[in-house]
Amino acid sequence: MTEFFMVSFAVATVLEIIVVIALIRQIARQERGKPPAGSPVLNVTDLLTAVGLFGGTMVIVNLIAHGWQGLDTSDIVLFAATFGIVTAAVMERLRSRSHAAAMTAYAIPLGFGVIGGIVGAGL
């Protein structure tokens, strides 16, 4: 399960880089006075919700599985930010198709929070 989580985190990191590049392009376009092309890259509310869902789930599962000594806050913050950014971007893309589909994307941080908590923060 550790390898699955590490590979998933690597994929999420690549996707996060793509999202950040798209966000920078969108900001640069707005700074030049041009109207934004299409929908925003991500929604701040979705981002904060996804980060909270991942972080909270990982902390609770980690405490149950490994106790207090298993918590590593820097890893939890890093994982939560990465999976939160990717989840918020996925939700924004899905929202144009179906609001219900966008809401199902909340399963991403919950599921990976459980896996990350089982694996342990100090990979």
Peer 1: Cluster question for you: counting only ILVMFWY and a side-chain heavy-atom cut-off of under 4.5 Å, with indirect links fine, are V41 and L15 together?
Peer 2: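 Different clusters.
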
Peer 1: Could you pull out the closest heavy-atom pair between A89 and V19, with the gap in Å?
Peer 2: CB-CG2, 3.5 Å

Peer 1: So, taking the atom named CD in E31 and the one named CD in Q26, what distance separates them when rounded to the nearest 0.5 Å?
Peer 2: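 Rounded to the nearest 0.5 Å, the CD-CD separation comes out at 11.5 Å.
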
Peer 1: For the side chain of H66 and the backbone of I118, is there at least one donor-acceptor N/O pair under 3.5 Å apart?
Peer 2: yes

Peer 1: How long is the straight-line distance from OH of Y106 back to CG of L53, given to the nearest 0.5 Å?
Peer 2: 7.0 Å

Peer 1: How many angstroms lie between atom CZ of F83 and atom CD1 of I115, to the nearest 0.5 angstrom?
Peer 2: 8.0 Å

Peer 1: So with a 6.0 Å cut-off around CZ of R93, is the heavy-atom count from everything else above 12?
Peer 2: no

Peer 1: How long is the span from the CG atom in L94 to the CE atom in M103, to the nearest 0.5 Å?
Peer 2: 10.0 Å

Peer 1: Looking only at heavy atoms, what is the nearest atom pair of M91 and A105, with distance?
Peer 2: CG-CB, 3.4 Å

Peer 1: To the nearest 0.5 Å, how far apart are CE in M1 and OG in S8?
Peer 2: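 Going from the CE atom of M1 to the OG atom of S8 covers 11.0 Å.
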
Peer 1: Please say yes or no: joined through hydrophobic side-chain contacts below 4.5 Å, possibly via intermediate residues, are L47 and M58 part of one cluster?
Peer 2: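 No.
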
Peer 1: Cluster question for you: counting only ILVMFWY and a side-chain heavy-atom cut-off of under 4.5 Å, with indirect links fine, are L42 and V51 together?
Peer 2: yes

Peer 1: Can you check whether I85's main-chain N or O pairs, donor with acceptor, with E16's side chain at less than 3.5 Å?
Peer 2: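 No; zero donor-acceptor contacts below 3.5 Å.
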
Peer 1: Answer with yes or no whether the side chains of S74 and D72 bring together a donor and an acceptor at under 3.5 Å.
Peer 2: yes

Peer 1: Can you tell me how far CD1 of I27 sits from CZ of R32, rounded to the nearest 0.5 angstrom?
Peer 2: 12.0 Å

Peer 1: So among T82, I18, L78, which one has a side chain to side chain contact (heavy atoms under 4.5 Å, CB included) with T13?
Peer 2: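 In the set T82, I18, L78, the residue that makes a side chain to side chain contact (heavy atoms under 4.5 Å, CB included) with T13 is T82.
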
Peer 1: Could you report the tightest heavy-atom contact between D46 and R95, atom names first, then the distance?
Peer 2: OD2-NH2, 2.8 Å

Peer 1: State, to 0.1 Å, how close A50 and P109 come at their nearest heavy-atom pair, and which atoms those are.
Peer 2: O-CB, 3.5 Å

Peer 1: If you compare all heavy atoms of A88 against all heavy atoms of N43, which two are closest, and at what distance to 0.1 Å?
Peer 2: CB-O, 4.1 Å

Peer 1: Could you point out which residue of I21, V20, V14 forms a side chain to side chain contact (heavy atoms under 4.5 Å, CB included) with I17?
Peer 2: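 So the option named by the test is I21.
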
Peer 1: May I have the step-by-step check of ring pair (Phe, Tyr, Trp, His ring centres under 6.0 Å) for F5 and F79, ending in yes or no?
Peer 2: CA-CA 10 Å; F5 185 77; F79 297 150; 5.1 Å; yes

Peer 1: Cluster question for you: counting only ILVMFWY and a side-chain heavy-atom cut-off of under 4.5 Å, with indirect links fine, are L110 and V61 together?
Peer 2: no

Peer 1: Verify the cluster assignment for V119 and W68: are they in a single hydrophobic cluster under the rule of side-chain heavy atoms below 4.5 Å apart?
Peer 2: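 Yes.
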
Peer 1: Under 4.5 Å between any side-chain heavy atoms of F112 and F4, yes or no?
Peer 2: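 Contact flag for F112/F4 side chains = yes.
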
Peer 1: Mark yes or no for whether N62, through its side chain, and G70, through its backbone, hold a donor-acceptor pair below 3.5 Å.
Peer 2: yes

Peer 1: Locate the shortest heavy-atom distance separating I76 from L71; write the atom from each residue and the value.
Peer 2: CD1-CD2, 3.8 Å

